[in-house]
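What you see is a predicted model, and the numbers here were worked out from it, not measured in a lab. Residue numbers start at 1 and run along the sequence shown.
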Amino acid sequence: MSDTATLAPGLRQADPARWKALAFIALAQLMVVLDATIVNIALPSAQQDLGISDGNRQWVVTAYALAFGGLLLFGGRIADLWGRKRTFVLGLVGFASASALGGAATNEAMMFGSRALQGVFGALLAPAALSLLAVMFTDAKERAKAFGIYGAIAGGGGAVGLILGGFLTEYLDWRWTFFVNIPFAIVAAAGAYFVIREPAGGRNRSPLDIPGVILSTLGLVSLVYGFTRAESDGWSDAVTIGMFVASAVLLAAFVAVEAKVKSPLLPLRVITDRNRGGIYLSLGLAIISMFGLFLFLTYYLQIVKGYTPVKTGFAFLPMIVGMITGSTQIGTRLMTRVAPRLLMGPGFLVAALGMLLLTQLEIGSSYAALLLPAMLLLGLGMGTAFMPAMSLATQGVEPRDSGVASAMVNTSQQVGGAIGTALLNTIAASATTSYIADHMGGAATRSQQQLVQLEAMVKGYTSAIWFAVGILVVAATIALTFVNAGKPDMSAVMGAGEDAEDAVPVPVVAH
C-alpha cells in the first residue's frame with residue numbers, strides 16, 4: 001500500500017447519517033452470517049419433512065455455498081458498476097424472496113433451488129455491504145469503531161445462528177429458519193433506501209469483463225465443490241480430483257486473462273498489494289479452523305453430552321461475548337494506536353490457545369472448566385484479529401475497486417469455510433475409524449461398544465482440532481510477516497479515483 005495518496009482540493013463532508021446506515025448494513029450482514037449456521041440446525045427436520053435422501057441432503061448446504069462462493073467476485077464488480085446502495089437493496093430483496101421460497105418448499109428440488117438463489121443474492125449483498133462501509137467511514141477513529149461492530153457480527157453471527165436455529169426448530173418449525181430472514185431483509189432494505197447516501201463518484205463504469213466472470217465463477221465453483229465432494233466421497237474420488245484440476249486450470253486462466261484485459265473483473269493490483277494479500281490468506285486460514293470447530297462442538301454437545309439444540313446454542317454464548325469484546329473493545333481501541341499486524345498476529349495466537357485447550361476434550365469434560373475458557377479465548381482472539389483485517393483489506397483501495405476488494409474478503413472466508421469443513425471432517429473421520437478398529441475388539445457388551453463409539457468420536461474431534469491449532473499458528477505467522485502497514489494516520493486524505501471528481505477520503509497508511 002502506498003505511503004501517500006493523491007490529494008484533491010477540499011475534503012468531502014462525512015455523511016451525517018453514516019451511523020444510522022451502519023445499523024442497517026450490520027443487520028444485513030447478520031442475516032447473511034446467521035444463514036450459514038441456522039439452516040444446519042434445521043437440516044434434520046427439513047430432510048424428514050421433504051423426503052430428502054441422505055445422499056442428497058448435503059445439497060441444502062452445497063447449493064448455497066456454490067452459488068455464493070462462485071459469484072462473489074461478480075457481485076463485487078456489479079456493486080462497483082451499478083452502485084453499492086442499489087446492489088445492496090437488490091441483494092436484500094432477492095435474499096428475502098429466496099428465503100420465502102425455501103420456507104414454503106414442498107420438495108427437495110424447490111429447497112435446493114431456493115438455497116442456490118439465496119447464494120446468488122448473498123453474493124450481491126455481502127461485498128456491497130462491506131464496500132459501503134469502506135467508502136462511508138473514512139476517519140481513522142470512526143472507521144475503527146464501524147469495522148469493530150462489523151467484525152463482531154461477522155465473527156459471532158454464526159454462533160448466534162446456532163442459538164436462533166435451535167429455538168426456531170425446537171419451539172416452532174424448521175421453516176421459520178428461512179422465514180426469519182424476511183423481517184431482517186425488509187427492515188435493512190427500507191433503512192438502506194432511506195438512510196444510506198453513497199458518496200458520489202467512485203463507480204467503475206468500465207465494460208464488464210465477461211471472460212473473467214465466466215472463468216472466476218467456474219473456477220471458484222469447482223474449488224468449493226471439490227472440497228465439498230471430498231468430505232462425502234473422499235480425496236481419492238475421481239470427480240473430486242477432477243474438480244481440483246479443473247479449478248486450478250480455470251483460476252490460472254483467470255489470472256492470465258486479468259493481466260491482459262483492459263477492464264479486469266479483479267484488477268491484480270487489489271491482491272498483489274502485500275497487506276491485502278496477507279489479510280486474504282490469513283483470514284481464509286483462520287476461517288478454516290473456525291468452521292470445522294463450530295461443526296465439531298455442535299456434534300460433541302448434542303451427541304456426546306446430550307444437549308438440546310437450544311442448550312447447544314446457548315453453550316456458544318461465551319464465544320459470542322468474546323468476539324464482541326475482542327472486536328469492539330480491544331480491536332477498536334487499539335487499531336488507531338498500533339499497527340494492524342500487532343492485533344492480527346496475537347489475536348490468532350490467543351484463538352490458537354483456546355483451540356489448544358479443546359484438544360483435551362474427553363467424554364466427561366466439564367463445560368465450565370474446559371469449554372467455557374476455551375470459547376472465551378477463541379472469541380477474544382478472533383474478534384481482535386477480524387476487525388483490523390476487514391478494515392485494512394478495504395483501506396486505501398481505489399474507490400472503483402472497493403467492491404471487488406470487499407468481495408475478496410468474503411471469498412477468502414467462503415472458500416476457507418468449504419476447505420475447513422471438508423479437511424477437518426476428513427481428518428476427524430479417519431481418526432475415529434482408526435480408534436474403532438483398535439478398540440472395538442475389546443468391547444463385549446452393547447454399552448461398552450457404545451462407549452467405544454463415543455470415545456472414537458471425541459478422539460476424531462481432538463485429532464482434527466490439533467490441525468486447527470497449527471492452521472491458526474500459520475495464520476498468525478502470515479499476519480505478522482506479510483502485513484507491514486503501520487497504524488493509520490489520524491488525518492483523512494483523498495484516495496485516487498478514476499478522476500479528480502471521483503475521489504473519496506481514505507486514511508493514509510504509514511509504513
Side-chain angles (χ1 to χ4, degrees), residues 36-41 43-44 57-58 61 65 155-163 165-166 227-228 230-232 285-309 311-320 322-323 351-367 369-379 381-382 413 416-436 452-473 475:
T37 52
I38 198 170
V39 173
N40 289 343
I41 295 283
L43 185 53
R57 70 180 173 188
Q58 63 160 329
V61 176
V160 176
L162 294 171
I163 297 175
F227 278 105
T228 306
E231 183 188 354
S232 56
L285 288 169
I287 292 294
I288 287 176
S289 59
M290 280 295 289
F291 263 65
L293 183 73
F294 274 148
L295 196 65
F296 296 147
L297 283 185
T298 301
Y299 278 109
Y300 173 79
L301 292 170
Q302 288 195 27
I303 296 174
V304 179
K305 304 295 281 186
Y307 283 22
T308 64
K311 191 176 179 182
T312 299
F314 275 107
F316 281 95
L317 267 179
M319 191 183 294
I320 301 171
M323 281 184 176
L353 182 60
M355 201 79 81
L356 189 64
L357 287 179
L358 291 174
T359 61
Q360 306 306 306
L361 268 183
E362 295 175 355
I363 290 178
S365 291
S366 161
Y367 177 84
L370 182 66
L371 274 80
L372 177 63
M375 287 202 214
L376 277 172
L377 286 171
L378 269 164
M382 288 296 194
Q413 291 177 298
I419 294 171
T421 305
L423 179 64
L424 297 182
N425 252 0
T426 305
I427 293 166
S430 176
T432 297
T433 303
S434 177
Y435 188 93
I436 288 174
V452 168
Q453 286 178 331
L454 289 177
E455 288 173 342
M457 196 179 293
V458 176
K459 175 65 176 175
Y461 299 157
T462 55
S463 298
I465 290 170
W466 271 111
F467 276 85
V469 171
I471 291 168
L472 276 174
V473 171

Using 0.5 Å steps for rounding, measure from the [atom1] atom of [X] to the [atom2] atom of [Y].
| X | Y | atom1 | atom2 | result |
| --- | --- | --- | --- | --- |
| Met323 | Leu378 | CE | CG | 7.5 Å |
| Phe227 | Ile288 | CZ | CD1 | 7.5 Å |
| Thr462 | Met457 | OG1 | CE | 12.5 Å |
| Ile465 | Gln360 | CD1 | CD | 10.0 Å |

message: Measuring only between side-chain heavy atoms, which start at C-beta, is Thr426 closer than 4.5 Å to Leu423?
response: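 Side-chain contact under 4.5 Å: no.
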Under 3.5 Å donor-acceptor, [X] side chain and [Y] backbone:
| X | Y | answer |
| --- | --- | --- |
| Ser463 | Lys459 | yes |
| Ser365 | Leu361 | no |
| Thr432 | Ala456 | yes |
| Tyr461 | Glu362 | no |

Ile427/Trp466 under side chain to side chain contact (heavy atoms under 4.5 Å, CB included): CA gap, chis, key distance, verdict: CA-CA 10 Å; Ile427 293 166; Trp466 271 111; over 6 Å; no
What's the shortest heavy-atom distance between [X] and [Y], and which atoms?
| X | Y | value |
| --- | --- | --- |
| Gly460 | Ala431 | CA-CB, 3.8 Å |
| Phe296 | Leu424 | CZ-O, 3.3 Å |
| Met382 | Leu472 | CE-CD2, 3.5 Å |
| Ala369 | Ser366 | N-OG, 3.1 Å |
| Ala315 | Tyr367 | O-OH, 2.6 Å |
| Lys305 | Ile363 | NZ-O, 3.5 Å |

- prompt: Are there more than 12 heavy atoms of other residues, nucleotides or ligands under 6.0 Å from atom OH of Tyr307?
  reply: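 Yes, enclosed.
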message: Assess the residue pair Leu371 and Leu358 against the criterion (side chain to side chain contact (heavy atoms under 4.5 Å, CB included)); give the C-alpha distance rounded to whole Å, side-chain angles, the decisive distance to 0.1 Å, and a yes or no.
response: CA-CA 7 Å; Leu371 274 80; Leu358 291 174; 4.3 Å; yes
